[in-house]
Engineer: 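Before I ask anything, let me first share the structure, which is written out below as structure tokens.
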Amino acid sequence: MTDRRTGGHKRFVPGLFEPRTEEELVKKAWSLAGAPLSELARAQGLEIPESLVRAKGWVGQLVERALGATAKSLAEPDFRELGIELKTIPVDRRGHPKESTFVSSIALGELAADSWETSRVRKKLARVLFVPVEAEPSIPIANRRLGAPLLWSPSEAEEHRLRADWQSLAGLIQSGYAESITAHAGECLQVRPKAKDSRARTKYQDADGADELTLPRGFYLRATFTRDLLGAHFSLPKP
DNA sequence: TATTGATCATGC
DNA sequence: GCATGATCAATA
């Protein structure tokens with residue numbers, strides 16, 4: 001690991017080791033393939049949580065920093081200069097994703113003027129570095145290993161499928177039917193809650209154009225979709 | 001066991 | 001509330 005803190009100073013300077021090229025980033029990611037989370041945590045001087053219940057974003061942030069991403073909460077790609085978004089994927093013993101992948105929240109109130117071409121989903125998914133991470137409950141968090149990284153951009157076929165789902169789902173939202181959408185809809189994209197809890201509310205306009213409040217939602221990639229992406233790949237050694 | 005709906009932490 | 005980072009946990 002080359003992550004370190006500035007000599008004599010307490011503040012970590014993320015930009016200092018930010019990969020300058022795509023090749024550099026991918027090479028770095030490959031160098032971490034097989035490494036247990038304990039190794040990354042130790043290099044960063046971090047305590048390993050006993051449970052992820054109250055640390056759901058911990059693994060993602062750990063990998064971000066290990067790869068030199070700037071840990072800001074800005075609406076920009078993790079690797080801004082490279083235009084690359086980083087996503088860690090929790091996988092089972094076969095290397096199959098255990099969870100869907102959050103893509104973006106949905107501006108329920110102002111999606112009307114949006115199109116697939118200008119959508120946040122398309123922008124976010126333009127270039128993604130997927131890093132699988134073991135997530136079997138039986139494996140202690142410290143021992144969970146990183147898998148082989150996959151730098152991905154949608155193929156024509158994949159973008160076609162994503163666009164179809166987006167247009168279908170966004171169309172319903174634009175027409176005021178956000179509340180009729182369940183996670184069952186969508187072949188590769190789905191709409192699910194993205195909120196503090198089920199009581200959270202955000203503004204939207206119903207089918208009659210009246211201002212209403214509803215549960216904030218986000219776009220997610222189905223686990224079956226990311227499984228297929230990683231499928232042609234190899235993520236982890238078989239047991 | 002795969003999936004859906006709910007939930008957790010943090011910064012601004 | 002919305003952006004970042006996601007996983008939990010009940011149910012189909």
Side-chain angles (χ1 to χ4, degrees), chain A residues 11-12 14 37 40-41 44 46-80 84-111 114 119-121 123-125 128-141 144 146 169 178-204 211-228 231:
Chain A
R11 202 165 63 81
F12 180 64
L37 297 183
L40 280 64
Q44 296 176 33
L46 297 177
E47 296 270 329
I48 296 171
E50 293 197 9
S51 161
L52 296 183
V53 170
R54 297 190 178 280
K56 296 183 178 181
W58 188 79
V59 173
Q61 292 172 352
L62 182 74
V63 175
E64 267 189 357
R65 295 183 61 140
L67 292 175
T70 53
K72 299 173 292 187
S73 75
L74 300 177
E76 292 173 350
D78 296 293
F79 298 94
R80 193 178 183 288
I84 295 175
E85 179 74 18
L86 174 67
K87 292 290 185 188
T88 55
I89 302 274
V91 295
D92 63 20
R93 62 186 70 251
R94 294 136 58 201
H96 290 183
K98 289 179 61 89
E99 299 289 345
S100 55
T101 300
F102 174 69
V103 180
S104 77
S105 62
I106 303 174
L108 291 168
E110 46 186 306
L111 194 61
D114 210 0
S119 71
R120 296 159 71 190
V121 172
K123 192 166 189 175
K124 283 255 186 179
L125 299 181
V128 183
L129 179 65
F130 289 105
V131 176
V133 179
E134 283 181 317
E136 286 288 340
S138 61
I139 305 176
I141 295 173
R144 296 180 185 180
L146 302 197
L169 295 166
E179 294 192 319
S180 71
I181 301 176
T182 71
H184 294 282
E187 183 187 311
C188 47
L189 266 184
Q190 62 183 167
V191 170
R192 303 231 306 281
K194 172 63 174 177
K196 182 177 186 298
D197 55 44
S198 60
R199 280 98 65 191
R201 289 295 181 268
T202 189
K203 292 179 184 176
Y204 88 110
D211 289 328
E212 300 288 353
L213 292 174
T214 192
L215 183 63
R217 295 143 215 263
F219 282 114
Y220 293 75
L221 289 179
R222 284 188 177 281
T224 50
F225 184 75
T226 52
R227 184 192 63 197
D228 291 345

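Since this is a predicted model, take the numbers as computed values, not measurements. Numbered from 1 within each chain, the chains take letters A, B, ... in sequence-line order.
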Engineer: One character per nucleotide, please: for nucleotides 1-6 of chain B, 5' to 3', B when the base has a protein heavy atom closer than 4.0 Å, S when only the sugar-phosphate does, - otherwise.
Structural biologist: -SSBBB
Engineer: Using a heavy-atom cut-off of 4.0 Å across all strands, would you classify A/Gly57 as base, sugar-phosphate, or nothing?
Structural biologist: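 Answer is base: heavy atoms of A/Gly57 come under 4.0 Å of a base.
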Engineer: Pick the nucleotide of DNA chain C nearest each of A/Ala55 and A/Arg201; which residue has the one closer to the 5' end?
Structural biologist: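 The residue whose closest nucleotide sits nearer the 5' end is A/Arg201.
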Engineer: With a 4.0 Å cut-off on heavy atoms, is A/Ala135 in touch with a base, just the backbone sugar-phosphate, or nothing at all?
Structural biologist: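 A/Ala135: no heavy atom of the nucleic acid under 4.0 Å.
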Engineer: Counting the atoms with a prime plus P, OP1 and OP2 as sugar-phosphate, which does A/Thr88 contact under 4.0 Å by heavy atoms, base, sugar-phosphate, or nothing?
Structural biologist: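 Sugar-phosphate contact only.
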Engineer: Which residues pass the side-chain hydrogen bond (donor to acceptor under 3.5 Å, both in side chains) test with A/Arg120, not counting sequence neighbours?
Structural biologist: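 Here the qualifying residues are A/Ser105.
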Engineer: From C/dG1, C/dT4, C/dG5, pick the nucleotide closest to the side chain of A/Ala200?
Structural biologist: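 In terms of side-chain proximity for A/Ala200, the closest of C/dG1, C/dT4, C/dG5 is C/dG1.
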Engineer: Could you give the NZ-to-P distance, from A/Lys87 to C/dA3, as a whole number of Å?
Structural biologist: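 It is 13 Å, rounded to the nearest whole Å.
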Engineer: Send over the distance from A/Lys123 NZ to C/dA3 P, rounded to a whole Å.
Structural biologist: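 Going from NZ in A/Lys123 over to P in C/dA3 covers 13 Å.
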Engineer: Test of understanding: with side-chain contact (heavy atoms from CB on, under 4.5 Å), list the residues that count as partners of A/Phe79, not counting sequence neighbours.
Structural biologist: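 For A/Phe79, the residues satisfying side-chain contact (heavy atoms from CB on, under 4.5 Å) (neighbours in sequence not counted) are A/Glu18, A/Pro19, A/Leu25, A/Leu67, A/Ala69, A/Leu82, A/Ile84, A/Leu86.
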Engineer: So what is the end-to-end bend of the helix from B/dT1-C/dA12 to B/dC12-C/dG1, with 5 pairs used at each end and the value given to 10 degrees?
Structural biologist: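 For the helix from B/dT1-C/dA12 to B/dC12-C/dG1, the axes at opposite ends meet at about 30°.
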Engineer: Mind checking if A/Arg217 touches a base, just sugar-phosphate, or nothing, with heavy atoms under 4.0 Å?
Structural biologist: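 The answer is nothing, as A/Arg217 stays clear of every strand by at least 4.0 Å.
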Engineer: List the residues meeting side-chain hydrogen bond (donor to acceptor under 3.5 Å, both in side chains) with A/Thr101, not counting sequence neighbours, and say none if there are none.
Structural biologist: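 Listed in chain order: nothing, the list is empty.
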Engineer: Please confirm whether the backbone N or O of A/Leu215 pairs with a side-chain atom of A/Tyr204, one donor and one acceptor, at under 3.5 Å?
Structural biologist: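 Absent.
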Engineer: How many Å lie between CD on A/Gln44 and C1' on C/dG5, as a whole number?
Structural biologist: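 To the nearest whole Å, that distance equals 14 Å.
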Engineer: Looking at residues at least two apart in the chain, or sitting in another chain, which of them share a ring pair (Phe, Tyr, Trp, His ring centres under 6.0 Å) with A/Phe130?
Structural biologist: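 So A/Phe130 forms a ring pair (Phe, Tyr, Trp, His ring centres under 6.0 Å) with A/Trp152.
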Engineer: What is the distance, rounded to the nearest whole Å, between atom CG of A/Leu52 and atom C1' of B/dT7?
Structural biologist: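 It works out to 14 Å between those atoms.
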Engineer: Could you tell me how far apart A/Asp211 (CG) and C/dG1 (P) are, to the nearest whole angstrom?
Structural biologist: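 Interatomic distance, CG of A/Asp211 to P of C/dG1: 15 Å.
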Engineer: Sequence neighbours left out, what passes side-chain hydrogen bond (donor to acceptor under 3.5 Å, both in side chains) with A/Arg222? Give chain and number order.
Structural biologist: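 Here no residue qualifies.
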Engineer: So, does A/Lys87 use its side chain to make a donor-acceptor pair with the main chain of A/Phe102 at under 3.5 Å?
Structural biologist: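 Confirmed, A/Lys87 side chain pairs with A/Phe102 backbone.
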Engineer: What is the distance, to the nearest angstrom, from the CD atom on A/Gln61 to the P atom on C/dA3?
Structural biologist: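 Result: 17 Å.
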Engineer: Check this one for me: any side-chain N or O of A/Arg54 less than 4.0 Å away from OP1 or OP2 of C/dT7?
Structural biologist: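 Answer no for this pair, as no side-chain N or O of A/Arg54 is under 4.0 Å from OP1 or OP2.
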Engineer: Just jot down the side-chain hydrogen bond (donor to acceptor under 3.5 Å, both in side chains) partners of A/Thr214, sequence neighbours excluded, or say none.
Structural biologist: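 Expected list: A/Glu179, A/Arg217.
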Engineer: When you check the phosphate oxygens OP1 and OP2 of C/dC2, does a side-chain N or O of A/Thr202 lie under 4.0 Å from one of them?
Structural biologist: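 The answer is yes; a side-chain N or O of A/Thr202 sits under 4.0 Å from OP1 or OP2.
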Engineer: Round to the nearest Å and state the distance from A/Leu37 atom CG to C/dA6 atom C1'.
Structural biologist: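 These atoms are roughly 14 Å apart.
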Engineer: List the atom pairs, with distances to 0.1 Å, where a side-chain N or O of residues 181-189 of chain A and a protein N or O form a donor-acceptor pair under 3.5 Å, not counting sequence neighbours.
Structural biologist:
| from | atom 1 | to | atom 2 | distance (Å) |
| --- | --- | --- | --- | --- |
| A/Thr182 | OG1 | A/His184 | N | 3.1 |
| A/Glu187 | OE2 | A/Arg161 | NE | 2.6 |
| A/Glu187 | OE2 | A/Arg161 | NH2 | 3.0 |

Engineer: Please report the distance, rounded to the nearest Å, between CD1 in A/Ile141 and C1' in C/dC8.
Structural biologist: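 Going from CD1 in A/Ile141 over to C1' in C/dC8 covers 13 Å.
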Engineer: Take atom CD of A/Glu50 as the centre, draw a 6.0 Å sphere, and report whether it contains more than 12 heavy atoms from other residues, nucleotides or ligands.
Structural biologist: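 Counting other residues, nucleotides and ligands, CD of A/Glu50 stays at 12 neighbours or fewer.
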